[in-house]
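Reviewing the structure listed below.
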Amino acid sequence: MSSNPVAETVASLMPRARAELTELVAFKSVADFDQFPRSESEAAAGWVADALTAEGFQDVALLDTPDGTQSVYGYLPGPEGAKTVLLYAHYDVQPPLDEAGWTTPPFELTERDGRWYGRGAADCKGGVIMHLLALRALKANGGIPVHVKFIAEGSEEQGTGGLERYAEAHPALLEADTIVIGDAGNFRAGLPTVTATLRGMTMMRVQVDTLAGNLHSGQFGGAAPDALAALIRVLDSLRAKDGSTTIDGLTPEASWDGLQYEEEQFRADAKVLDGVELIGDGTVADRIWARPAVTVLGIDCPPVVGATPSVQASARALVSLRVPPGIDAAEATKLLQAHLETHTPWGARVRTEQIGQGQPFSADTTSPAYAAMADAMAVAYPGQEMQYAGQGGSIPLCNTLASLYPHAEILLIGLSEPEAQIHAVNESVSPEELERLAVTEALFLRNYATS
């Protein structure tokens, strides 16, 4: 990185950043309180609140949101007449999944091969630290030239909409001229990227019932309707032979015109096994950024170990549908529900229940904030130009903010580049990316203040 005072300050702060991220990662802040103690999330929220207070933020508050979680808010005033920028991250994390699959414990930040490993290191506790680094660098180099609002969400990964509903009930709280969402990532490490689109999502639980109770498969199998087999047929109907998502009424032919994702690079990033084909058609960018994508997240049925020779009376699954820009998530939810009900075979009883929903998002990349971000990235990543990419994941809050504040510019940056393996075992963050993006954000705030 070329020498400049902001970059030098951020570099000097990196040991502190690692120590703080170690503390933050240690909280098992999964906002599913059936699996993890609520106290872990509350402790993480308290950590963020204390950090904001230590940086001089005013009105620091733990916001009790309608989904039973807490978001952390603070306000740092800038010069009179300055613009207001909202910085967003979330401190809740995905469950660690199979802890035996982690090389090192998921809630202990561990350095290995130049990366820092731990659940939430990139998504998105690292985003909290990135914001703090940027603000500290500006304070050490002439001061922060904008008013800063800071919001750290407590249930983003659950998709339960607590902060969205809180913001709708308190519309003045998060109002800003520009909003920086620190929950995205570069297309690859070292390539500065803003995320221009996000797919929305809907999640649905489907249950199939066929019998009053399980039956002996020798005595009744062959005529008795098997609920698990019926469910498998329903789930199979959601995909074409090539693996493309096929939900009655959804159009899957959209294409992506921006930055492309080479197939071999995608195979490497996704760690696709040799000889296994990618699914779907069109370019990789079409498939992951511009088209609907269905995923079966889980199935309730007897495990192999301990299974008995029985025809199953009931089975259920949790289905996720990613919804690209141009498709209304509520309409997609109705279509998914209708498809599941229509394709259930043998007259089996089927029940569907919507679990969560978020709209897709598309940013206005022609705004002055994007020019300020491009200039900042050019300094933080010498020799590289800012790229525009999509993201297959969902951040439902983006659409809420865009609706509440139609004149606000929204930018998405962050630490979740492919090597980070967010949501998977062995999630990690690149400290170099953390450093460069903190410099980027600091320079952006300085550029934007005078734009």
Side-chain angles (χ1 to χ4, degrees), residues 1-14 17-18 21 85 87-89 113-116 121-124 126-138 140-141 145 178 180-197 258-262 265 268-269 285 289 363 365-391 409-422 428-451:
M1 191 183 304
S2 59
S3 177
N4 67 68
V6 167
E8 290 170 358
T9 301
V10 171
S12 72
L13 291 170
M14 288 303 292
R18 178 178 174 177
L21 189 56
V85 177
L87 302 181
Y88 167 91
D113 299 324
R115 297 183 69 90
W116 299 345
D123 182 26
C124 181
V128 173
I129 302 302
M130 177 185 75
H131 292 324
L132 293 175
L133 276 172
L135 296 176
R136 289 166 182 162
L138 286 174
N141 290 278
T178 280
V180 179
I181 305 289
D183 191 24
N186 286 340
F187 180 68
R188 64 174 183 270
L191 182 65
T193 311
V194 291
T195 298
T197 67
L259 182 68
Q260 292 298 310
Y261 205 150
E262 294 302 322
Q265 183 62 54
D269 291 341
W289 298 335
T365 59
T366 64
S367 63
Y370 277 82
M373 183 63 75
D375 290 342
M377 285 184 162
V379 174
Y381 292 82
Q384 300 279 6
E385 292 186 5
M386 184 177 78
Q387 302 292 317
Y388 299 92
Q391 188 180 104
E409 303 173 69
I410 300 178
L411 300 97
L412 295 101
I413 62 172
L415 302 165
S416 298
E417 39 79 27
E419 290 181 68
Q421 296 195 142
I422 64 169
S428 68
V429 68
S430 162
E432 288 80 11
E433 287 286 89
L434 174 57
E435 183 176 344
R436 288 179 185 273
L437 283 165
V439 173
T440 294
E441 184 165 276
L443 296 177
F444 161 75
L445 293 173
R446 183 179 286 176
N447 293 344
Y448 180 66
T450 58
S451 65

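Computed from heavy atoms alone, side chains included, the values below leave out hydrogens, waters and symmetry copies. Sequence positions, counted from 1, serve as the residue numbers for this chain.
Residues forming a side chain to side chain contact (heavy atoms under 4.5 Å, CB included) with Ala369 (at least two apart in sequence, or on another chain): Thr178, Ser367, Glu409, Leu411, Phe444, Tyr448.
Residue Ala121 comes nearest to Leu415 through the heavy atom pair O-CD1, 4.4 Å, listed as atom of the first residue, atom of the second, then distance. Here the closest heavy-atom approach between residue Pro192 and residue Gln384 is recorded as CD-CB, 3.5 Å. Across Ser451 and Pro368, no two heavy atoms sit closer than the pair OG-CB, 4.5 Å. Across all non-hydrogen atoms, the minimal contact from Gln391 to Gly185 is NE2-N, 4.0 Å. The two residues Gly182 and Cys124 have their closest heavy-atom pair at O-SG, 3.2 Å. Shortest non-hydrogen contact noted between Ala442 and Val6 is CB-CG1, 3.7 Å.
Taking the six-membered ring where the residue is Trp, Tyr261 and Phe187 present perpendicular rings, their angle passing 60° and hence far from 30°.
Side-chain atoms of Val439 and Val379, non-hydrogen and from C-beta on, never get closer than 4.5 Å to each other. Side-chain contact check for Val194 versus Ile413: some heavy-atom pair is nearer than 4.5 Å.
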Stepwise side chain to side chain contact (heavy atoms under 4.5 Å, CB included) test for Glu417 and Ser430: CA-CA 9 Å; Glu417 39 79 27; Ser430 162; 4.2 Å; yes
What verdict does the side chain to side chain contact (heavy atoms under 4.5 Å, CB included) test give for Leu133 and Leu434, after you've listed the backbone C-alpha separation in whole Å, the side-chain angles of each residue and the deciding distance to 0.1 Å? CA-CA 9 Å; Leu133 276 172; Leu434 174 57; 4.0 Å; yes
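Atoms CG and OG1, from Leu412 and Thr197 in turn, are 9.5 Å apart once rounded to the nearest 0.5 Å. Distance check: Asp375 CG to Tyr370 OH gives 14.5 Å after rounding to the nearest 0.5 Å. The distance from atom CG of Leu445 to atom CE of Met373, rounded to the nearest 0.5 Å, is 8.0 Å. To the nearest 0.5 angstrom, Arg136 atom CZ is 14.5 Å from Asn141 atom CG. Note that NE2 of His131 and CD of Glu441 are 5.0 Å apart. Values are rounded to the nearest 0.5 Å. The distance from atom OH of Tyr381 to atom CD of Glu433, rounded to the nearest 0.5 Å, is 4.0 Å.
Each of Leu21, Val429, Leu437, Leu87 was compared with Met130 under the side-chain contact (heavy atoms from CB on, under 4.5 Å) criterion, and only Leu437 meets it.
Around CD of Gln260, the count of heavy atoms belonging to other residues, nucleotides or ligands within 6.0 Å exceeds 12.
The residues Arg188 and Glu262 are annotated as not salt-bridged, no charged nitrogen and carboxylate oxygen being separated by less than 4.0 angstrom.
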